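Predicted model only: the values in this text are computed from it and were never measured. One-based numbering, in listed order, for ligands and for the atoms of each.
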Amino acid sequence: MYFALILVAFVASSMVDATPLNIRSPFRHRKVSKRDDSQKFVVAHHMVGNTYPYTQDDWTSDIQAAHAAGIDGFALNIGSDDWQPTQVASAYQAAAASGTDFKLFISFDMSVLPCSSPDDAAALRNYITTYAQHPNQLQVNNRAFASTFAGESCSFGQGSVPQGWSSQFTQHPDLSGANAVHFVPSFFVDPATFGQYNGAMHGAFNFNSGWPIQLTADTGNSVLGPLGTNLASSASQAIGTITQALSQFVGATDTDTQYVNGLKSVTTDDGAPTYMGAVSPWFFTHYGADSYNKNFIYYADSHLYPTRWESIIDNRDMFDMVEIVTWNDFGESHYIGPIHGAQPNSQDWVDGFDHTAWLDMTSYYATAYKTGSYPQITEDKLYMWARPHTKDANAPDPVGKPDNYELDQDVLWAVVFATANSTVTLYTSDSTSQTFNVNAGVNKISTDLTPGGYMRGTIVRNDQTIVDFRPDGYNFTSNPQAYNYNAFAAVSPSSAPASN
Ligand SMILES: *[C@@H]1O[C@H](CO)[C@@H](O)[C@H](O)[C@H]1NC(C)=O
Ligand SMILES: *[C@@H]1O[C@H](CO)[C@@H](O)[C@H](O)[C@H]1NC(C)=O
């Protein structure tokens, strides 16, 4: 990717007040590739399909919350509802009025948009030409950035998928000059075949890279060997060992490498191809056969969200852009934004399960990714998250347990942002606790949950309690009324050390 703002980005980065680097500085080991110098963007996947009741003020509050967390823009996932263009217009208006330079782009949801005729492509081009020159449209290589969810089966009435996308979209005369597009779809194809899409795409978005999706109950059992003869019956004393075995998959960058290698055979007319990776905090969806018929988890334990971010930052040169999956996909439980708008009948597992603690954490990692330096930690903070019931609980729920639930462990996950060395205690009931010595910086810790218990944590330094946090609204039970493998996430109120 080539950006006009290289100088600005360099100056801004050099002013960042950084702690000693524990990642490689882009300026210390400069490579010849342009990619090292390019401006990095962090965007979040926003389901326009969940915004039916939105006013422009709702868009404004989303934009302000995202911007405050270091997110540069939203990927507007659009489907086929006839009201969605109005919400897209409202989003662009809110961005323009926000005074933030927040960026937007269209991410066509090709799992629902039609793509069998040239007219279907004309509808997609219409979105691009409407917004290509809008001041808040994300531009990459001086072109309007656009993406997808899927689309690997779309030929728009042409002889092949690459011909369909190139002749009816990317290379179509409507999308030239000031309306030219920089197209980075998430086609679900083998990255080794990317060369076949020359002329159709300018890069690739690895939508599934935020989760270790190769890990299933079956593969988990084989990874664990004798330990996991049956994950579901694992004894509690083995939890730590099982978690350790599964955690090797968390934050892995194997598929990122495959994508970057696959993109080497893609030639583009506007610079080097763009690789966009994903980061996601969670995954649980619970629709029965009478509904969307999808009921599964992806493994998201072992501190997935911060761990994946750290892998991305460690391999920063590989990632031209990062998309957070997602801002507001309630149905699949991977939202980091506030719960508002409409839900696709996911209230049963979403209401009461706030995830904005992960949004709060995002600013630290997004800043590190964009500047190459982790920001200084100026407040002591404790993040905690956990599921609401034991993984093996039986509930009177006709939908049944989600596929791969066996991988989960009954663990309270916590991250401590510490301004100095401290002692942290995690409590999961009145009589169950574990104490950790943590160092200044970011510390990932965990402890077993206790049925009938809760989550609470303290940060103590020099015999002073800096943080004592027990979030309301969370209990851990072995008798749920319905299956819910979503997470409850919380962050302690800000605690600047000077005021304590
Ligand atoms: C913090 O703890 C680490 C060991 O865990 C130690 O090496 C370091 O000196 C401590 N820092 C301070 C300021 O006490
Ligand atoms: C948690 O348990 C306590 C005590 O049993 C109860 O009063 C409270 O309503 C429960 N909270 C939730 C969110 O389930």
Handout entry: Protein non-hydrogen atom found under 4.0 Å from atom 5 (O) of ligand 1
Key =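 Yes, at least one protein heavy atom sits under 4.0 Å from atom 5 (O) of ligand 1.
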
Handout entry: Sub-4.0 Å protein heavy atom next to atom 14 (O) of ligand 1
Key = yes

Practice task
Mind telling me whether Tyr298 and Phe283 have parallel, tilted or perpendicular rings, with 30° and 60° as the class edges?
Solution key: tilted

Practice task
Please work out whether the ring planes of Tyr54 and His46 are parallel, tilted or perpendicular, with thresholds of 30° and 60°.
Solution key: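 The rings of Tyr54 and His46 stand perpendicular, inter-plane angle above 60°.
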
Handout entry: Sub-4.0 Å atoms of ligand 1 with respect to non-hydrogen atoms of Asn439
Key = 1 (C), 2 (O), 3 (C), 4 (C), 5 (O)

Problem - Stacked cation flag Arg470 on Tyr427, 6.0 angstrom / 45 deg - result: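 Arg470 over Tyr427 ring: no.
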
Exercise for the section: Take His355 and Phe353 through the test ring-ring contact (aromatic ring centres under 6.0 Å, His included) and record every step on the way to the result. Expected result: CA-CA 6 Å; His355 286 181; Phe353 289 79; 8.0 Å; no

Problem - Closest protein heavy atom (residue, atom, distance) for atom 1 (C) of ligand 1 - result: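 In this structure, atom 1 (C) of ligand 1 has Asn421 ND2, 1.4 Å as its nearest protein heavy atom.
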
